Amino acid sequence: MLPVARKPIVQYVLEELLANGVEQILLITGRSKTAIENHFDTDPELLRTLNSRKMTHLASQTDFEHLKAHIFYTRQHQQKGLGDAVLCGESFAGEQPVVVALGDSILGLHAKSSCVSRMIQLFESRRASCVVAVEEVPPEETRNYGVIRAREGKDGCLNVLDLIEKPRPEEAPSNLAIAGRYVFSPLIFDMLRRVQADSKGEIQLTDAIRFLCEEGKRVLAVKLPPSEKRYDIGNFASYYATFVEFALADPDYGKELRDYLQTLLNTP
Ligand code: G1P
(Lines give C-alpha, C1' and ligand atoms only; values in the text may rest on other atoms or scores of the structure.)
Protein backbone atom coordinates (compact mmCIF):
# COMPACT_ATOMS: atom_id res chain seq x y z
CA MET A 1 0.00 0.00 0.00
CA LEU A 2 3.01 2.35 -0.10
CA PRO A 3 2.07 5.23 -2.35
CA VAL A 4 4.11 6.37 -5.32
CA ALA A 5 2.91 9.86 -6.20
CA ARG A 6 -0.90 9.59 -6.29
CA LYS A 7 -1.51 5.87 -5.96
CA PRO A 8 -0.51 2.88 -3.88
CA ILE A 9 1.93 0.62 -5.68
CA VAL A 10 -0.51 -2.29 -5.77
CA GLN A 11 -2.89 -0.15 -7.85
CA TYR A 12 -0.22 0.47 -10.50
CA VAL A 13 0.41 -3.26 -10.72
CA LEU A 14 -3.31 -3.99 -11.04
CA GLU A 15 -3.77 -1.32 -13.72
CA GLU A 16 -0.77 -2.64 -15.64
CA LEU A 17 -2.25 -6.15 -15.62
CA LEU A 18 -5.66 -4.92 -16.77
CA ALA A 19 -4.09 -2.91 -19.59
CA ASN A 20 -2.37 -6.14 -20.67
CA GLY A 21 -5.61 -8.09 -20.79
CA VAL A 22 -5.33 -9.86 -17.43
CA GLU A 23 -8.71 -9.40 -15.76
CA GLN A 24 -9.01 -12.25 -13.27
CA ILE A 25 -6.65 -11.19 -10.51
CA LEU A 26 -5.80 -13.01 -7.31
CA LEU A 27 -4.03 -10.85 -4.74
CA ILE A 28 -1.97 -12.96 -2.38
CA THR A 29 -1.85 -11.02 0.85
CA GLY A 30 -1.19 -11.70 4.53
CA ARG A 31 -2.86 -11.12 7.86
CA SER A 32 -1.57 -7.55 8.24
CA LYS A 33 -2.66 -6.47 4.75
CA THR A 34 -6.41 -5.97 4.98
CA ALA A 35 -5.86 -2.36 3.84
CA ILE A 36 -5.45 -3.71 0.29
CA GLU A 37 -8.95 -5.21 0.24
CA ASN A 38 -10.37 -2.04 1.74
CA HIS A 39 -8.63 0.09 -0.87
CA PHE A 40 -10.25 -1.71 -3.80
CA ASP A 41 -13.67 -1.85 -2.16
CA THR A 42 -16.34 0.79 -2.76
CA ASP A 43 -16.29 3.54 -0.13
CA PRO A 44 -19.76 5.19 -0.37
CA GLU A 45 -18.98 7.72 2.35
CA LEU A 46 -15.81 8.95 0.66
CA LEU A 47 -17.56 9.06 -2.73
CA ARG A 48 -20.45 11.07 -1.26
CA THR A 49 -18.07 13.54 0.35
CA LEU A 50 -15.96 14.01 -2.79
CA ASN A 51 -19.04 14.41 -4.99
CA SER A 52 -20.68 16.87 -2.61
CA ARG A 53 -17.50 18.96 -2.68
CA LYS A 54 -17.51 18.91 -6.48
CA MET A 55 -14.33 16.82 -6.53
CA THR A 56 -15.72 14.42 -9.10
CA HIS A 57 -12.34 13.87 -10.77
CA LEU A 58 -11.04 12.48 -7.45
CA ALA A 59 -14.24 10.49 -6.92
CA SER A 60 -13.75 8.72 -10.25
CA GLN A 61 -10.20 7.78 -9.23
CA THR A 62 -11.43 6.01 -6.10
CA ASP A 63 -14.20 4.15 -7.89
CA PHE A 64 -12.83 0.76 -8.84
CA GLU A 65 -16.20 -0.63 -9.84
CA HIS A 66 -15.71 0.63 -13.38
CA LEU A 67 -12.48 -1.35 -13.83
CA LYS A 68 -12.84 -4.63 -15.65
CA ALA A 69 -11.01 -6.41 -12.86
CA HIS A 70 -12.39 -9.43 -11.06
CA ILE A 71 -10.34 -9.29 -7.90
CA PHE A 72 -9.97 -12.23 -5.54
CA TYR A 73 -7.93 -12.46 -2.38
CA THR A 74 -6.15 -15.18 -0.51
CA ARG A 75 -3.62 -15.16 2.28
CA GLN A 76 -0.20 -16.62 2.60
CA HIS A 77 -0.29 -17.89 6.18
CA GLN A 78 3.44 -18.02 6.83
CA GLN A 79 6.32 -16.01 5.38
CA LYS A 80 7.80 -18.94 3.49
CA GLY A 81 9.00 -17.07 0.43
CA LEU A 82 7.84 -16.11 -3.04
CA GLY A 83 7.50 -19.72 -4.24
CA ASP A 84 5.18 -20.52 -1.34
CA ALA A 85 3.12 -17.39 -2.10
CA VAL A 86 2.73 -18.48 -5.73
CA LEU A 87 1.61 -21.94 -4.54
CA CYS A 88 -1.27 -20.19 -2.75
CA GLY A 89 -2.63 -19.41 -6.24
CA GLU A 90 -2.75 -23.02 -7.42
CA SER A 91 -6.47 -23.65 -7.15
CA PHE A 92 -7.21 -20.18 -8.58
CA ALA A 93 -5.12 -21.05 -11.66
CA GLY A 94 -6.57 -24.53 -12.10
CA GLU A 95 -5.44 -25.87 -15.47
CA GLN A 96 -4.87 -22.40 -16.96
CA PRO A 97 -1.59 -20.53 -17.50
CA VAL A 98 -0.98 -17.71 -15.01
CA VAL A 99 0.82 -14.39 -14.92
CA VAL A 100 2.69 -13.64 -11.70
CA ALA A 101 3.37 -9.96 -10.98
CA LEU A 102 5.37 -8.96 -7.90
CA GLY A 103 4.04 -6.08 -5.86
CA ASP A 104 7.43 -4.46 -5.35
CA SER A 105 7.91 -3.62 -9.02
CA ILE A 106 6.22 -1.14 -11.34
CA LEU A 107 7.03 -1.53 -15.05
CA GLY A 108 7.32 1.72 -16.97
CA LEU A 109 6.62 5.28 -15.90
CA HIS A 110 3.08 5.33 -14.44
CA ALA A 111 2.94 1.58 -15.17
CA LYS A 112 2.74 2.11 -18.94
CA SER A 113 4.14 -1.20 -20.08
CA SER A 114 2.94 -3.79 -22.55
CA CYS A 115 5.65 -6.25 -21.57
CA VAL A 116 3.17 -8.72 -20.05
CA SER A 117 1.15 -8.83 -23.32
CA ARG A 118 4.32 -9.59 -25.26
CA MET A 119 5.23 -12.28 -22.75
CA ILE A 120 1.78 -13.88 -23.07
CA GLN A 121 2.01 -13.83 -26.88
CA LEU A 122 5.40 -15.48 -26.75
CA PHE A 123 4.23 -18.01 -24.18
CA GLU A 124 1.45 -19.05 -26.54
CA SER A 125 3.24 -18.88 -29.87
CA ARG A 126 6.32 -20.73 -28.62
CA ARG A 127 4.36 -23.12 -26.40
CA ALA A 128 6.63 -22.23 -23.51
CA SER A 129 6.31 -23.45 -19.93
CA CYS A 130 7.58 -20.17 -18.56
CA VAL A 131 8.42 -16.67 -19.78
CA VAL A 132 10.20 -14.22 -17.47
CA ALA A 133 10.91 -10.52 -17.89
CA VAL A 134 14.55 -9.59 -17.31
CA GLU A 135 16.53 -6.38 -17.07
CA GLU A 136 20.22 -5.60 -17.15
CA VAL A 137 21.59 -4.65 -13.73
CA PRO A 138 25.07 -3.50 -12.66
CA PRO A 139 27.17 -6.57 -11.73
CA GLU A 140 27.31 -5.59 -8.03
CA GLU A 141 23.51 -5.80 -7.86
CA THR A 142 23.09 -9.41 -8.94
CA ARG A 143 22.97 -10.36 -5.24
CA ASN A 144 19.49 -8.77 -5.03
CA TYR A 145 17.85 -10.75 -7.85
CA GLY A 146 17.31 -14.04 -9.58
CA VAL A 147 19.80 -14.10 -12.47
CA ILE A 148 19.54 -16.09 -15.70
CA ARG A 149 22.02 -17.89 -17.92
CA ALA A 150 20.68 -17.69 -21.45
CA ARG A 151 21.48 -17.67 -25.14
CA GLU A 152 19.87 -15.65 -27.93
CA GLY A 153 16.69 -17.28 -29.20
CA LYS A 154 14.08 -16.69 -31.90
CA ASP A 155 11.63 -13.78 -32.00
CA GLY A 156 13.94 -11.45 -30.08
CA CYS A 157 13.76 -13.44 -26.87
CA LEU A 158 16.31 -15.42 -24.91
CA ASN A 159 16.35 -19.15 -24.21
CA VAL A 160 16.96 -19.60 -20.51
CA LEU A 161 19.37 -22.41 -19.69
CA ASP A 162 19.69 -21.93 -15.94
CA LEU A 163 18.92 -19.48 -13.14
CA ILE A 164 20.40 -18.67 -9.75
CA GLU A 165 18.70 -16.78 -6.96
CA LYS A 166 20.73 -13.80 -5.64
CA PRO A 167 24.22 -14.85 -6.77
CA ARG A 168 27.33 -12.96 -5.67
CA PRO A 169 28.71 -10.97 -8.62
CA GLU A 170 31.55 -13.46 -9.10
CA GLU A 171 29.12 -16.40 -9.41
CA ALA A 172 26.47 -14.63 -11.48
CA PRO A 173 26.02 -16.24 -14.92
CA SER A 174 25.08 -12.84 -16.45
CA ASN A 175 23.80 -9.44 -15.41
CA LEU A 176 20.24 -10.23 -16.55
CA ALA A 177 18.00 -10.08 -13.49
CA ILE A 178 14.44 -11.38 -13.23
CA ALA A 179 12.24 -8.29 -13.20
CA GLY A 180 9.14 -9.34 -11.26
CA ARG A 181 6.86 -10.53 -14.11
CA TYR A 182 6.37 -14.17 -15.11
CA VAL A 183 4.02 -16.26 -17.24
CA PHE A 184 3.71 -19.89 -16.20
CA SER A 185 2.01 -23.06 -17.30
CA PRO A 186 0.34 -24.87 -14.38
CA LEU A 187 3.39 -27.17 -14.36
CA ILE A 188 5.10 -24.59 -12.14
CA PHE A 189 3.01 -25.77 -9.18
CA ASP A 190 4.40 -29.31 -9.45
CA MET A 191 7.91 -27.88 -9.61
CA LEU A 192 7.28 -25.65 -6.59
CA ARG A 193 6.26 -28.65 -4.53
CA ARG A 194 9.65 -30.20 -5.24
CA VAL A 195 11.64 -27.16 -4.08
CA GLN A 196 13.38 -27.49 -0.72
CA ALA A 197 13.28 -24.45 1.54
CA ASP A 198 16.54 -22.48 1.57
CA SER A 199 18.59 -21.59 4.66
CA LYS A 200 16.04 -18.88 5.56
CA GLY A 201 13.13 -21.32 5.30
CA GLU A 202 11.97 -19.79 2.00
CA ILE A 203 10.72 -21.63 -1.08
CA GLN A 204 12.30 -19.83 -4.03
CA LEU A 205 10.33 -19.43 -7.25
CA THR A 206 13.64 -19.27 -9.12
CA ASP A 207 14.44 -22.84 -8.00
CA ALA A 208 11.12 -24.07 -9.41
CA ILE A 209 11.89 -22.42 -12.78
CA ARG A 210 15.28 -24.06 -12.65
CA PHE A 211 13.55 -27.46 -12.38
CA LEU A 212 11.57 -26.57 -15.52
CA CYS A 213 14.90 -25.98 -17.33
CA GLU A 214 16.30 -29.24 -16.00
CA GLU A 215 13.22 -31.10 -17.25
CA GLY A 216 13.90 -29.72 -20.73
CA LYS A 217 10.83 -27.47 -20.72
CA ARG A 218 10.92 -24.27 -22.74
CA VAL A 219 11.80 -21.30 -20.55
CA LEU A 220 12.13 -17.95 -22.31
CA ALA A 221 13.13 -14.47 -21.22
CA VAL A 222 12.14 -11.08 -22.59
CA LYS A 223 14.33 -8.04 -21.96
CA LEU A 224 12.58 -4.93 -20.73
CA PRO A 225 13.22 -2.02 -23.10
CA PRO A 226 14.49 1.20 -21.43
CA SER A 227 11.08 2.82 -22.00
CA GLU A 228 9.48 0.16 -19.81
CA LYS A 229 12.16 0.02 -17.16
CA ARG A 230 11.39 -1.53 -13.82
CA TYR A 231 10.89 0.70 -10.81
CA ASP A 232 11.97 -1.20 -7.72
CA ILE A 233 10.06 -0.23 -4.60
CA GLY A 234 11.85 -2.78 -2.46
CA ASN A 235 14.52 -0.49 -1.01
CA PHE A 236 14.60 3.10 0.18
CA ALA A 237 16.95 4.51 -2.45
CA SER A 238 14.95 3.26 -5.42
CA TYR A 239 11.61 3.97 -3.70
CA TYR A 240 12.57 7.62 -3.19
CA ALA A 241 13.83 7.90 -6.76
CA THR A 242 10.64 6.31 -8.13
CA PHE A 243 8.40 8.59 -6.08
CA VAL A 244 10.22 11.71 -7.30
CA GLU A 245 10.22 10.58 -10.94
CA PHE A 246 6.49 9.77 -10.90
CA ALA A 247 5.65 13.00 -9.06
CA LEU A 248 7.71 15.05 -11.54
CA ALA A 249 5.64 13.50 -14.35
CA ASP A 250 2.36 14.42 -12.64
CA PRO A 251 0.38 16.57 -15.11
CA ASP A 252 -0.97 18.86 -12.37
CA TYR A 253 1.83 19.11 -9.83
CA GLY A 254 4.98 18.05 -11.70
CA LYS A 255 6.09 21.51 -12.70
CA GLU A 256 5.63 22.92 -9.23
CA LEU A 257 7.64 20.08 -7.75
CA ARG A 258 10.40 20.55 -10.35
CA ASP A 259 10.72 24.23 -9.45
CA TYR A 260 10.78 23.38 -5.76
CA LEU A 261 13.45 20.71 -6.20
CA GLN A 262 15.53 23.08 -8.27
CA THR A 263 15.37 25.66 -5.49
CA LEU A 264 16.34 23.02 -2.94
CA LEU A 265 19.25 21.82 -5.04
CA ASN A 266 20.50 25.34 -5.64
CA THR A 267 20.45 26.12 -1.93
CA PRO A 268 23.90 25.47 -0.49
C1 G1P B 1 12.22 -11.78 -5.96
C2 G1P B 1 12.70 -12.98 -6.75
C3 G1P B 1 13.90 -12.61 -7.61
C4 G1P B 1 13.53 -11.45 -8.52
C5 G1P B 1 13.04 -10.27 -7.68
C6 G1P B 1 12.54 -9.14 -8.56
O7 G1P B 1 13.19 -11.43 -5.00
O8 G1P B 1 13.03 -14.02 -5.84
O9 G1P B 1 14.28 -13.72 -8.38
O10 G1P B 1 14.66 -11.05 -9.30
O11 G1P B 1 11.97 -10.67 -6.82
O12 G1P B 1 12.02 -8.12 -7.79
P13 G1P B 1 12.82 -10.50 -3.72
O14 G1P B 1 12.77 -9.10 -4.23
O15 G1P B 1 11.50 -10.97 -3.23
O16 G1P B 1 13.92 -10.71 -2.74
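If you read the sequence from its start, that first residue is 1, and numbering goes on from there. If you're wondering where the values come from, they're calculated on a predicted model, not measured in any experiment. Counting starts at 1 for both ligands and their atoms, in listed order.
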For atom 10 (O) of ligand 1, what is the nearest protein heavy atom, given as residue, atom name and distance?
Ile178 O, 2.7 Å
Donor-acceptor pair, side chain of Asn20 and main chain of Glu16, under 3.5 angstrom
yes
Would Met191 end up clustered with Val86 when hydrophobic side chains under 4.5 Å apart are linked, directly or stepwise?
yes
Quick check: does any side chain N or O of Asn235 sit under 3.5 Å from a backbone N or O of Ala237, one acting as donor and the other as acceptor?
yes
Nearest-0.5 Å distance that lies between atom CG in Asp41 and atom CD1 in Ile36:
13.5 Å
When only distance counts, is Gly146 in polar contact with ligand 1, meaning an N/O pair under 3.5 Å?
yes
Under 4.0 angstrom from atom 8 (O) of ligand 1, is there any protein heavy atom?
yes
Would Leu102 count as a polar contact of ligand 1, with the cut-off being nitrogen or oxygen pairs under 3.5 Å?
no
Keeping Asn175 on the side-chain end and Val137 on the backbone end, is there a donor-acceptor pair under 3.5 Å?
yes
With atoms numbered from 1 as shown, which atoms in ligand 1 lie under 4.0 angstrom from a non-hydrogen atom of Thr206?
9 (O)
Quick one: nearest non-hydrogen protein atom to atom 2 (C) of ligand 1, plus distance?
Glu165 OE2, 3.6 Å
Over 12 foreign heavy atoms within 6.0 Å of OH, Tyr73
yes
Could you say whether the N/O atoms of Asn144 and ligand 1 ever approach to under 3.5 Å?
no
Excluding sequence neighbours, so at least two apart, what forms side-chain contact (heavy atoms from CB on, under 4.5 Å) with Asn38?
none
Which of the numbered atoms in ligand 1 are under 4.0 angstrom from any heavy atom belonging to Asp104?
12 (O), 14 (O)
Short version for Leu205: what comes under 4.0 Å of ligand 1, heavy atoms counted, is neither
Residues two or more places apart in sequence or in another chain: which of them pass side-chain contact (heavy atoms from CB on, under 4.5 Å) with Lys229?
Tyr231, Glu245
Among all the protein's non-hydrogen atoms, which is closest to atom 13 (P) of ligand 1, and how far away is it?
Lys166 NZ, 3.7 Å
Should Arg230 be counted as touching ligand 1, given the test is an N or O pair under 3.5 Å?
yes
